[in-house]
Structure formats: structure tokens, C-alpha cells
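When reading the values below, keep in mind they use all heavy atoms of this one structure, side chains included, and skip hydrogens, waters and symmetry mates. Each chain gets a letter, A, B and so on, in the order the sequences are listed, and its residues count up from 1.
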2 protein chains.
Amino acid sequence: MLTIGKLGDAAGVKVPTIRYYEQIGLLPEPDRSSGNQRLYARRTLDRLSFIRHARELGFPLEAIRDLLSLQDSPDQPCAAADTIAKAQLLAVRARLARLKALETELERMIVQCAHGTIADCRVIEVLGDHANCAHDHHGGQEAAL
Amino acid sequence: MLTIGKLGDAAGVKVPTIRYYEQIGLLPEPDRSSGNQRLYARRTLDRLSFIRHARELGFPLEAIRDLLSLQDSPDQPCAAADTIAKAQLLAVRARLARLKALETELERMIVQCAHGTIADCRVIEVLGDHANCAHDHHGGQEAAL
DNA sequence: ATAAAGTCTCTAGCAGCTATAGCTTCAAGA
DNA sequence: TCTTGAAGCTATAGCTGCTAGAGACTTTAT
């Protein structure tokens with residue numbers, strides 16, 4: 001069993017954040033020691049690490065809740081899981097496309113820097129360009145992500 | 001010249017958000033009409049679109065401020081730009097790696113769903129796995145992103 | 001000329017943490 | 001065994017990055 005501090009260190013999540021996740025129901029209420037301190041099972045570490053990485057990738061907690069529900073109910077009808085997974089996949093691909101464009105542009109800048117000129121920096125244009133944009137900014141819903 | 005509403009529509013950013021960016025200094029104070037309404041030059045649209053896309057990719061406003069400073073001072077010493085660009089590039093690549101892992105896993109899940117089984121969902125493992133992880137969770141600084 | 005739509009400032013609220021205060025529990029050395 | 005310092009507890013307040021009113025003024029369209 002892990003104390004909350006050990007769990008936090010292992011997952012790279014701060015202690016108050018863990019308590020916050022418990023409060024909003026993303027993590028189950030753990031057992032307590034005789035002195036009322038939280039004690040976590042090993043598998044909670046997987047769940048918490050998942051949450052942490054998903055957050056870093058920009059998933060809102062509600063989307064993470066959905067993804068976790070896939071794990072929590074492996075017997076639920078496939079249609080539900082499929083819908084969630086497909087929506088998340090679209091969102092992930094949209095992010096990938098724009099991140100790749102940004103990567104390319106940053107690489108270009110760094111190469112140019114090596115040659116002593118940044119006068120024609122186009123970082124702004126590459127991300128400002130709606131041609132790379134997975135959203136329709138014009139009246140549509142935001143992506144589920 | 002664009003009114004704030006037109007600018008917002010064009011960039012996909014809400015009007016109060018534009019005023020907020022002005023307040024915190026990400027956007028310059030624009031000219032005003034005789035009736036005190038904001039009037040924006042065309043090029044502000046590029047800047048705002050950039051901010052929007054960078055935010056969607058998860059860059060904090062401070063990182064965006066840095067990136068914009070590259071654009072704002074094309075004559076600054078290359079070393080400064082280079083440092084910023086390289087830090088951002090590392091962060092971008094770390095994100096790309098984990099997003100790709102998640103994409104793969106979601107694809108796998110969807111294929112399995114088509115075959116009627118999600119019993120061995122591994123979404124959590126794929127993101128929980130620190131082998132894919134660009135950070136050192138263990139005592140280091142967070143990435144500049 | 002007037003009505004509707006857009007804009008103004010100001011303030012308050014929300015998500016997702018993060019830090020502080022004041023107290024209790026635990027573990028490790030003297 | 002005692003003690004002392006780190007770690008944990010609850011509760012509350014603050015932070016970032018928006019977002020949504022309220023109530024008054026400006027523009028635009030008919």
C-alpha cells in the first residue's frame with residue numbers, strides 16, 4: 001500500500017491534486033490507516049499516471065472521465081465505447097496535425113538561426129494559417145476534446 | 001479596419017477573450033473609433049489566430065508570449081530566439097510522441113470494437129507507461145512548455 | 001427615426017489546480 | 001521510550017485563462 005505522498009511521487013502528481021481528483025470522483029476513495037491517512041493500492045498508480053499524461057496532452061477532465069469509463073466497464077455495450085473512442089481519436093488526430101506543423105516550423109527556425117538570421121520567422125503564420133486547421137471556426141461545435 | 005466582433009469571428013476567438021488578451025498585454029491596445037470602439041488592423045488577425053492555435057495545442061500564455069517575442073523582435077540576437085525555439089521544440093516532440101501512442105491505442109480499440117470485444121482495453125496502460133514519457137517525473141523541472 | 005445588433009466597462013463565476021493555516025499522525029534516532 | 005521532524009489531515013483562499021452577466025452607449029439597417 002502506498003501513502004499519498006509516495007503515490008504522488010511515483011505518478012508525478014502533487015498531493016493536493018490527488019485529493020482534488022478524489023473529491024471530484026476521478027479517483028475512488030481509498031482505504032484509510034488507523035490514523036485516518038489514505039492508503040492506495042498499486043493499481044491506483046496506473047490510473048493516476050494515465051490521468052496525468054492525458055492532462056498533459058490537454059484532455060479536459062470530462063474527456064478523461066469518459067476514457068476511464070472504458071476501462072472501468074469493459075463489459076459495457078461496444079457502441080458506447082466505440083463512440084467515445086472515435087470522438088477522442090478525431091480530437092487526437094487534429095492535435096497531431098497541428099503539432100506536426102508547429103514542429104516543422106520550429107525546426108526551420110532553428111536551422112535558420114544557425115545561419116544567423118531570424119528576420120523571416122514564420123512561426124506565427126504557420127499556426128495562424130487556417131489551412132492546417134482541423135476545426136471549422138465558423139459556426140460549428142468545438143471538437144469533443 | 002475590423003471591429004472586435006469581426007476579428008473574433010475571423011480568428012475563432014470570443015470577444016471577451018480578445019479584451020482579456022489586451023488586458024494582459026498579449027495584444028496591443030488598438031485604435032478606437034470616435035465612439036470609443038476598438039478598431040483592429042488586418043495583421044492583428046494573424047497574431048490572434050496564432051494565439052488561438054497555440055492555446056489549443058496547450059501552450060500556456062507565457063510560452064506564447066515568448067514565441068510572439070520572436071516575431072516582435074526579428075533583430076534580437078539569434079541566441080535568444082534559438083533558446084526559446086529549441087525549448088518549445090522539445091516540448092512539442094514530447095507531446096507528439098505521447099499523442100501518437102494514444103492514437104494507436106484508440107485505433108486498436110476501435111478495431112476491436114468492430115469485432116465485438118473491448119474486454120482488454122489498454123488505453124490506460126499506453127498513457128500510464130512512463131517509457132513513452134518525455135519527462136523525468138523524479139525531481140526535475142517541468143518542461144518549459 | 002427608431003429598433004436591433006454590436007460594443008463598452010465592470011464584476012462575478014468556472015475549471016483545474018496550488019498554496020496556506022492549524023492541527024494530527026507516523027517513523028526514526030537518541 | 002521519548003521526541004522531533006516529515007508527512008498527512010481538513011478547510012479555505014488564491015491562481016490562470018477564460019466566460020457570462022448587467023446596464024449603458026454606439027452603429028447599422030430599415
**Study point:** d(CD, B:Glu29; P, C:dC8) in whole Å
**Key:** 12 Å
Review point. Under 4.0 Å between a side-chain N or O of A:Ser33 and OP1 or OP2 of C:dC26?
Key: yes
**Study point:** A:Leu39 CG - C:dA27 C1' separation (whole Å)
**Key:** 14 Å
Exercise for review: Treat primed atoms plus P, OP1 and OP2 as sugar-phosphate and everything else as base, then score nucleotides 9-17 of chain C 5' to 3': B for base contact with protein heavy atoms under 4.0 Å, S for sugar-phosphate contact only, - for none.
Suggested key: B------BB
Check your understanding: Mapping B:Thr3 and B:Lys14 onto DNA chain D by nearest heavy atom, which one lands closer to the 5' end?
Key -> B:Lys14
Review point. Side chains of B:Ser33 and B:Met1: closer than 4.5 Å at any heavy-atom pair?
Key: no
Check your understanding: Hey, are the side chains of A:Arg65 and A:Pro60 touching, using non-hydrogen atoms and a 4.5 Å cut-off?
Key -> no
Check your understanding: Below 4.5 Å, heavy atoms only, C-beta onward: do B:Arg93 and A:Glu103 meet side chain to side chain?
Key -> yes
Revision key, fill the gap. Heavy-atom nearest nucleotide on DNA chain C taken for A:Gln37 and for A:Pro16; more 5' hit belongs to A:Pro16
Point to revise | Contact check, side chains of B:Arg55 and B:Leu61, non-hydrogen atoms, under 4.5 Å | key: yes
Check your understanding: If we only count heavy atoms from C-beta on, is the A:Leu39 to A:Leu2 side-chain gap below 4.5 Å?
Key -> no
Throw together a table of side-chain donor-acceptor distances under 3.5 angstrom for residues 15-24 of chain A, partners on residues two or more places apart or in other chains.
residue: A:Glu22; atom: OE1; partner: A:Arg38; partner atom: NE; Å: 2.8

**Study point:** Heavy-atom check, side chain of A:Val13 versus side chain of A:Leu7, under 4.5 Å
**Key:** no
Exercise for review: With a 4.0 angstrom cut-off to heavy atoms of chain A, pull out the first and last contacting nucleotide of DNA chain D, in 5'-to-3' order.
Suggested key: D:dG8 to D:dT10
Review point. Would B:Phe50 and B:Ile64 count as a side chain to side chain contact (heavy atoms under 4.5 Å, CB included) if you check the C-alpha gap in whole Å, the side-chain angles of each, and the deciding distance to 0.1 Å?
Key: CA-CA 9 Å; B:Phe50 170 77; B:Ile64 294 170; 4.0 Å; yes
